[in-house]
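Below: one structure, written as structure tokens.
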Amino acid sequence: MNRERLDEEKKYLERTKKLIAEEITYQEKEIREIPNRYTKRYADTAGGDEDLIANLQKIAIQALHKLERMPNNPYFGRIDFTEDGKEKLNKIYVGKTTIRDENDIVVTDWRAPVCSLYYDQSLGNVSYKAPKGEVFGKLSLKSQIIIDKGELIDVRDTDLVTDDELLLPYLTTNADARLKNIVASIQSEQNAIIRKPLNKNIIVQGVAGSGKTTVALHRAAYLIYNEDKYTAENFIIIGPNKYFLNYISALLPDLDTENISQFTFEDFSAYFFGDKIRINNSKTITDKDEIEALKFKTTLDYKMLIDNYISSYVDKTISGGIKIDDYEIISEDTIKSYFVNVNGFSKVATNIQKILVKKIKDNDERLYDLIRQKYSDQLSALENGSKEKIEILNKLDSIKKELKTGCSKTVKDYFKPLKLNCLNLYKDFITNINDMPNLKKQTLKSIKSKEFCFEDLPALFYFDMVFNGTENLGFNKYAHVIIDEAQDLGMFHYWVLKSIFNNATFSIFGDQAQSIYPSRGIESWEDVKTEVFNDNCEVLNLNKSYRTTMEITNSANHILDYLDLTEAQPVIRTGYNVEYYNQDTSSINDKILDLICNYNEKGYKSIGIICRSEEECLEKYSYLNNEDITSSLISNEDSEYNGGICVLTSELSKGLEFDGVIITNASEKNYSSENLIDMKLLYVAMTRALHSLNILYTDQLTRPLSNNMSKENGKELIKKI
């Protein structure tokens with residue numbers, strides 16, 4: 001890079017930082033002056049001055065916090081673009097947000113349509129899609145600009161759409177820095193997914209480290225920025241656990257997406273059902289028959305069983321018309337006509353009940369005359385004052401009174417079976433299943449205790465929706481649902497979510513190689529596309545791993561190859577060899593301590609100690625604590641992510657990343673090559689590492705790794721201690 005160009009970029013950076021500093025001063029002044037400016041001006045409005053002032057100050061404070069982060073890295077790229085038919089050359093600096101100087105845009109938000117040129121196009125004749133239509137022109141410069149702590153570090157001009165070399169400054173940093181800089185390193189195939197229109201449902205199958213989570217969040221940020229009618233409150237993220245949601249929250253403020261609702265499926269269920277049910281941990285169930293029963297509950301075949309039961313139940317309930325003294329007020333066929341393709345039987349029953357009661361009240365005299373005619377001959381034949389005649393007259397009097405009330409009790413009793421508690425209906429459904437003893441026993445036990453497994457939740461949702469409807473649940477406001485680690489839901493889970501968020505489109509991100517639960521999971525994204533979305537969905541792939549080095553990716557690919565799954569394509573970033581240590585049980589902890597010291601010397605900010613079981617995690621955590629090593633023991637209940645040394649199971653590591661990873665025991669016993677779930681858990685654990693991966697084991701190393709260990713990088717990497 002020549003001196004003149006460097007001077008140009010330094011001057012531009014200083015100008016940008018000056019503008020940011022001026023805006024910070026302005027916002028600080030605004031925060032101080034807002035109370036004086038608005039006090040007593042809007043005292044008569046709803047909420048009064050206090051609410052108005054509080055909201056205005058909140059907006060100013062949010063703007064200030066964002067501005068305070070900007071000087072460190074206000075932009076990361078530049079493109080020079082000349083639109084066809086115009087002479088002006090536009091120098092466009094690409095950053096996380098727009099920065100203006102009066103009418104001049106100094107930095108353009110990466111989500112603006114023109115910025116797609118930075119991610120997708122090579123130099124020369126190009127085009128991009130804008131609200132006014134497709135814009136054509138010439139791209140004469142594309143530069144990667146690296147700024148650290150407000151200082152210009154490097155400027156790299158490129159003519160390439162994707163270049164692994166240009167990624168290296170971002171991929172070689174530590175884990176927390178990568179989260180913050182991901183927008184600068186978005187690749188073309190990722191950008192294409194991010195910029196898909198809001199009205200498109202997409203499923204993204206991506207290998208570990210392909211950027212699924214960050215693409216998901218940037219897609220939300222892009223859609224919010226470009227859709228005028230929606231805000232972050234119209235979006236919802238469903239993730240695998242609270243710890244994962246906290247982990248990704250570091251990205252949200254920078255992306256203007258901090259107000260997106262975030263749930264795990266369990267938390268969403270708890271929110272939906274309140275205190276009516278409790279959710280237990282089905283992951284502890286090991287009995288094969290019980291696991292098979294749980295897995296069946298996540299299928300659409302189970303939904304079909306429920307559909308057949310509901311159809312039979314409604315048909316049996318609406319049996320015969322509504323009668324008063326054997327006179328049919330309304331026929332069975334008429335009533336059943338109200339219950340065709342119904343969403344919310346209970347609600348419909350309540351509405352019909354009100355309509356019928358009013359209709360009977362309005363026609364009580366006519367109906368009474370019709371019923372009385374049945375007794376006219378009999379009354380004429382009886383003597384006045386006779387016991388029989390008095391009984392008939394008393395009966396007619398009662399009927400007359402009942403008709404004046406609209407026969408409310410009779411009508412209410414008729415529809416009562418359609419307004420039962422959903423748990424009672426679920427119990428009745430399960431009780432009438434005869435050929436699935438394990439499922440029946442398991443579910444009746446859950447219903448009795450009101451403590452259900454994750455796999456039971458779709459059926460509970462479905463019963464509630466069928467009988468109570470979805471219209472008044474408050475979920476119609478959501479325009480888009482993002483599901484991450486999506487391979488861990490079942491088909492029935494997806495069907496239920498699609499029904500609940502019936503006004504929303506979906507972005508679904510997952511990896512079938514990381515489907516680690518034997519009792520649930522997606523076997524085919526095409527099935528989701530067809531059976532849940534009626535083919536109104538696009539399945540996309542991300543096959544390149546940006547997280548790990550070539551050495552780590554190639555090692556993890558041994559697992560994928562063993563499982564006959566598509567291997568990840570590594571970025572051209574070399575690093576440390578993956579090292580395997582054959583340890584005695586008594587020496588594993590000492591070796592872990594040595595490796596932690598080595599990682600600390602390398603300056604790693606985050607270290608994952610990944611174990612196979614919770615018991616092993618507790619043992620390793622206690623050992624480190626006794627050695628005065630500060631670490632965090634991560635469990636299912638944890639929601640805080642603070643970096644440093646984390647001790648966690650391979651299951652909980654899914655979706656996370658660490659500078660260095662130590663797998664504590666990858667023996668054939670711990671990760672059996674005969675067990676599909678074990679193999680996927682090991683793959684998950686291995687692909688958490690950015691820079692260093694060390695694998696310890698006792699006795700025999702798990703077969704897929706031992707078979708290939710000596711082939712890696714053309715030399716033996718095993719170290720016998």
Side-chain angles (χ1 to χ4, degrees), residues 1 3-34 37 56-83 86 88-119 130 139-157 169-170 177 180-186 218 221-222 224-226 232 251-258:
M1 184 63 57
R3 172 61 57 185
E4 184 179 350
R5 175 70 190 285
L6 279 175
D7 288 343
E8 175 191 356
E9 295 299 350
K10 285 180 180 179
K11 287 177 182 177
Y12 201 89
L13 177 58
E14 290 306 313
R15 176 194 175 195
T16 304
K17 287 163 58 179
K18 182 181 177 183
L19 286 171
I20 294 170
E22 290 172 355
E23 185 64 21
I24 287 173
T25 301
Y26 171 77
Q27 291 296 345
E28 288 173 339
K29 184 179 178 183
E30 277 290 287
I31 293 168
R32 292 193 302 270
E33 292 186 355
I34 282 171
R37 189 180 304 151
L56 290 173
Q57 284 188 314
K58 181 180 178 182
I59 293 169
I61 289 169
Q62 288 175 341
L64 179 62
H65 289 335
K66 191 169 183 178
L67 285 164
E68 287 171 341
R69 293 191 296 269
M70 281 185 192
N72 289 331
N73 190 9
Y75 50 85
F76 50 81
R78 169 183 163 182
I79 52 177
D80 287 3
F81 174 71
T82 306
E83 187 177 340
K86 298 182 180 179
K88 182 183 178 184
L89 173 69
N90 294 293
K91 296 180 180 180
I92 300 165
Y93 285 79
V94 184
K96 292 180 181 177
T97 192
T98 299
I99 301 173
R100 296 177 182 273
D101 180 9
E102 296 180 354
N103 296 323
D104 184 21
I105 297 178
V106 178
V107 177
T108 301
D109 193 297
W110 67 275
R111 295 167 289 188
V114 69
C115 291
S116 65
L117 297 175
Y118 177 77
Y119 296 111
L139 186 65
S140 54
L141 179 73
K142 182 159 78 167
S143 299
Q144 179 190 50
I145 300 175
I146 300 172
I147 300 168
D148 185 38
K149 297 178 182 177
E151 297 296 323
L152 182 66
I153 304 301
D154 198 4
V155 179
R156 303 179 181 185
D157 294 343
Y170 303 107
K180 293 178 175 63
N181 290 329
I182 193 69
V183 68
S185 58
I186 291 170
H218 283 76
Y222 171 80
I224 292 166
Y225 179 87
N226 285 281
L251 268 176
L252 299 182
D254 276 351
L255 293 174
D256 301 326
T257 54
E258 60 263 51

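Hydrogens, waters and symmetry mates are skipped; everything else that's a heavy atom, side chains included, is used.
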(request) Hey, could you give me the CG/CD distance between Leu13 and Glu151, rounded to the nearest 0.5 Å? (result) 7.5 Å
(message) Which residues pass the salt bridge (charged side-chain N to carboxylate O under 4.0 Å, His left out) test with Lys18, not counting sequence neighbours?
(response) none
(message) Could you tell me if the side chain of Asp109 sits less than 4.5 Å from the side chain of Cys115, heavy atoms only?
(response) no
(message) Looking at Lys142 and Tyr118, would you say the former's side chain and the latter's main chain have a donor-acceptor pair under 3.5 Å?
(response) yes
(request) Taking ring pair (Phe, Tyr, Trp, His ring centres under 6.0 Å) as the test, write out the residues that go with Tyr222, two or more places apart. (result) none
(request) Look up atom CD in Glu9 and atom OG1 in Thr16, then write down how far apart they are to the nearest 0.5 Å. (result) 9.5 Å
(request) Name all residues meeting the side-chain hydrogen bond (donor to acceptor under 3.5 Å, both in side chains) criterion together with Lys91; count only those two or more places apart in sequence or in a different chain, and write none if there are none. (result) Glu8
(request) Give a yes or no on whether the backbone of Ile92 and the side-chain of Tyr75 come within a donor-acceptor separation of less than 3.5 Å. (result) no
(request) Please identify each residue that fulfils ring pair (Phe, Tyr, Trp, His ring centres under 6.0 Å) with Tyr225, with sequence neighbours left out. (result) none
(message) Can a donor-acceptor pair be found, under 3.5 Å and without considering hydrogens, that links the side chain of Arg111 to the backbone of Ala221?
(response) yes
(request) Enter the distance from Leu89:CG to Thr82:OG1 here, rounded to the nearest 0.5 Å. (result) 4.5 Å
(message) Are Val94 and Phe76 packed together at the side-chain level, in the sense that at least one heavy-atom pair is separated by less than 4.5 angstrom?
(response) yes
(message) Gln27: which residues meet the side-chain hydrogen bond (donor to acceptor under 3.5 Å, both in side chains) condition with it, sequence neighbours left out?
(response) Glu23
(message) Taking side chain to side chain contact (heavy atoms under 4.5 Å, CB included) as the definition, give me every residue that meets it alongside Lys10, ordered by chain and number, with sequence neighbours left out.
(response) Arg3, Leu152
(request) Sequence neighbours left out, what passes salt bridge (charged side-chain N to carboxylate O under 4.0 Å, His left out) with Glu22? Give chain and number order. (result) none
(request) Identify whether the distance between the nearest side-chain nitrogen and carboxylate oxygen of Glu14 and Lys17 falls below 4.0 Å. (result) yes
(message) With heavy-atom distances below 4.5 Å as the criterion, would you say the side chains of Ile24 and Leu64 are in contact?
(response) yes
(request) Just jot down the salt bridge (charged side-chain N to carboxylate O under 4.0 Å, His left out) partners of Glu68, sequence neighbours excluded, or say none. (result) none
(message) Using the side-chain hydrogen bond (donor to acceptor under 3.5 Å, both in side chains) criterion, which residues pair with Arg15? Sequence neighbours excluded.
(response) Asp101, Asp104
(message) Restricting to non-hydrogen atoms, name the atom on Ala130 and the atom on Pro113 that form the minimum distance, rounded to 0.1 Å.
(response) CA-CB, 4.1 Å
(request) Sequence neighbours left out, what passes salt bridge (charged side-chain N to carboxylate O under 4.0 Å, His left out) with Glu30? Give chain and number order. (result) Arg37
(message) Let me confirm one number: the CG-CD1 distance from Asp154 to Ile145, rounded to the nearest 0.5 Å.
(response) 10.0 Å
(message) Looking at every non-hydrogen atom in both residues, tell me the closest pair between Pro74 and Asn72 and how far apart they are.
(response) CD-C, 3.9 Å
(message) I'd like to check Val114 versus Leu117 (side-chain heavy atoms, cut-off strictly below 4.5 Å). Are they in contact?
(response) yes
(request) Under the side chain to side chain contact (heavy atoms under 4.5 Å, CB included) rule, collect the residues that match up with Leu141, sequence neighbours excluded. (result) Arg5, Arg78, Asp80, Ser143, Asp157
(request) Give, for atom CD1 of Ile105 and atom OG1 of Thr98, the distance between the pair rounded to the nearest 0.5 Å. (result) 6.0 Å
(request) Would you please name every residue forming a side-chain hydrogen bond (donor to acceptor under 3.5 Å, both in side chains) with Asn90, sequence neighbours left out? (result) none
